[in-house]
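Encoded as structure tokens, the structure appears first; notes follow it.
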Amino acid sequence: MIRARVIGSGSCLPANVVTNDDLAKRVETSDAWIRERTGIIQRHIAVEGEKTSDLALGAARAALIDAGIDAGELDIIICATTTPDESFPATATIVQSRLGMTRGAAFDVQAVCSGFIYGMALADSLIRTGAARTILLIGAETMSRLLDWSDRTTCVLFGDGAGAVVLQAHTGIGDNSDQGVLNTRIFSDGRLHDMLYADGGVSSTQSAGKLRMQGKEVFKHAITNIAAAIVASSEAAGLKIEDIDWFVPHQANQRILDGTAKKLGIDPAKVISTVALHGNTSAASVPLALVAAVKDGRIKRGDLVLLEAMGGGFTWGAALLRW
Ligand code: UT7
């Protein structure tokens with residue numbers, strides 16, 4: 001059986017760091033409130049002229065070096081982003097050109113904070129069906145460009161960054177001992193649009209708009225939906241929650257990470273958290289957390305890793321991999 005195996009990973013963060021105290025100079029907030037309600041201490045914010053494609057390219061190059069392959073070996077580039085450089089073409093095609101890749105295909109996926117999980121589901125299908133052998137999957141965002149910097153209920157939560165993995169076809173025996181993606185589960189419910197959306201767009205206002213969120217409502221749905229996705233993915237593989245070595249959640253709020261772990265009886269020591277340092281980087285948050293845990297040696301070859309996310313739409317999902 002063909003499996004999509006991660007052969008390399010990398011990330012890229014803007015050099016510019018913004019602390020909670022820095023934000024307290026712009027809006028009525030405090031380091032204490034942000035830490036207590038979200039666990040966030042700082043976030044990286046792109047400087048003027050620094051675009052989503054710059055961060056995506058940085059993560060892509062790091063992932064290709066880690067994988068030990070050249071861009072010419074890629075069949076497809078998928079970039080999960082809500083903050084593309086331009087309304088068209090896809091940011092993935094900008095990365096394709098800057099990597100010097102002249103064959104194959106490149107396109108974006110839009111599922112907001114769940115974008116990397118959606119991209120993983122797509123990459124896994126393309127590889128398992130034989131449509132592609134090697135895929136570069138990127139989650140990249142400059143969420144700072146979509147924020148209303150006068151709205152303290154949202155502007156303190158988000159950050160910029162990018163993470164990427166290279167997935168390659170690998171022959172397994174078809175059970176859970178295989179390395180690679182074991183399954184993915186993706187969901188959405190468009191009725192919940194008004195809880196988290198951007199109040200603009202090409203066909204409605206001819207501008208990108210600003211992020212709007214009913215935080216308390218999103219919070220409640222987040223724990224329920226993420227827990228359901230984790231259960232769906234682990235049950236599909238015939239595994240119990242305790243069989244999974246690492247949980248790599250979307251990094252929206254430490255209280256969501258803690259709440260989900262409590263609901264499902266997950267050992268908090270198995271939950272990778274980078275929210276304190278990155279804030280919510282939307283589609284980049286899962287790969288940024290994944291790369292951090294791979295680089296510091298927590299996630300090792302052979303470990304069972306469950307990625308999960310939830311975001312605007314609502315969209316949510318999970319991906320189970322043997323690293
Ligand atoms: O990535 C997609 C998924 N997104 C999420 O998962 C976000 C989910 N939601 C959350 O993480 C939390 O709901 C928030 C962090 C957004 C808010 O936390 P909360 O505990 O739900 O606070 P709240 O909205 O109930 O606000 C409590 C109080 C309010 O004041 P009053 O009405 O009680 O007087 C807010 O006005 O805190 C106030 N407040 C702030 N105070 C200082 C809201 N934002 C701030 C702020 N600084 N930045």
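Below, all heavy atoms of this structure are taken into account, side chains as well, without hydrogens, waters or symmetry copies. Atoms within each ligand, like the ligands themselves, are counted from 1 in listed order.
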Which residue owns the protein heavy atom closest to [atom], what's the atom, and how far is it?
atom                    : answer
atom 18 (O) of ligand 1 : Arg255 NH1, 3.8 Å
atom 22 (O) of ligand 1 : Arg37 NH1, 3.3 Å
atom 3 (C) of ligand 1  : Val218 CG1, 3.7 Å
atom 16 (C) of ligand 1 : Leu157 CD1, 3.8 Å

Electrostatic pair [X]-[Y], nearest N-O below 4.0 angstrom:
X      : Y      : result
Asp199 : Arg212 : yes
Asp54  : Arg98  : yes
Lys262 : Asp258 : no
Arg103 : Asp75  : yes
Lys25  : Asp21  : no

Do Thr19 side-chain atoms and Asp22 backbone N/O form a donor-acceptor pair below 3.5 Å? yes

Rounded distance (nearest 0.5 Å) linking atom OG1 of Thr91 with atom CD of Gln96: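 If I round to the nearest 0.5 Å, the distance is 12.5 Å.
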
Please state whether the rings of His44 and His278 are parallel, tilted or perpendicular, taking 30° and 60° as the class boundaries.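 Rings of His44 and His278: perpendicular, as their planes differ by over 60°.
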
Pick one of side chain, backbone, both or neither for how Asn253 approaches ligand 1, counting any non-hydrogen atom pair under 4.0 Å.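 Just the side chain.
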
Side-chain donor-acceptor pair under 3.5 Å between Thr52 and Thr81, yes or no? no

Protein heavy atoms: any of them under 4.0 Å from [atom]?
atom                    : value
atom 24 (O) of ligand 1 : no
atom 9 (N) of ligand 1  : yes
atom 32 (O) of ligand 1 : no
atom 29 (C) of ligand 1 : no

With only distance considered, is [X] within less than 3.5 Å of ligand 1 through an N or O on each side?
X      : value
Arg152 : yes
Gly215 : yes
Thr38  : no

Side chains of Tyr118 and Ser188: closer than 4.5 Å at any heavy-atom pair? yes

Ile40 versus Val156: any side-chain heavy-atom pair under 4.5 Å? no

Leu196 to ligand 1, any heavy atom closer than 4.0 Å: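 Yes, Leu196 has heavy atoms under 4.0 Å from ligand 1.
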
When hydrophobic residues are tied together by side-chain contacts of less than 4.5 Å, even through go-betweens, does Ile41 share a cluster with Phe158? no

[X]: numbered ligand 1 atoms lying under 4.0 Å from its heavy atoms:
X      : result
Thr153 : 43 (C), 44 (N)
Ile256 : 6 (O), 8 (C)
Val156 : 48 (N)
Thr29  : 42 (C), 46 (C), 47 (N), 48 (N)
Met213 : 4 (N), 7 (C)
Asn280 : 1 (O), 2 (C)

Best match, Phe314, Trp33, Phe158: closest heavy atom to atom 40 (C) of ligand 1: Trp33

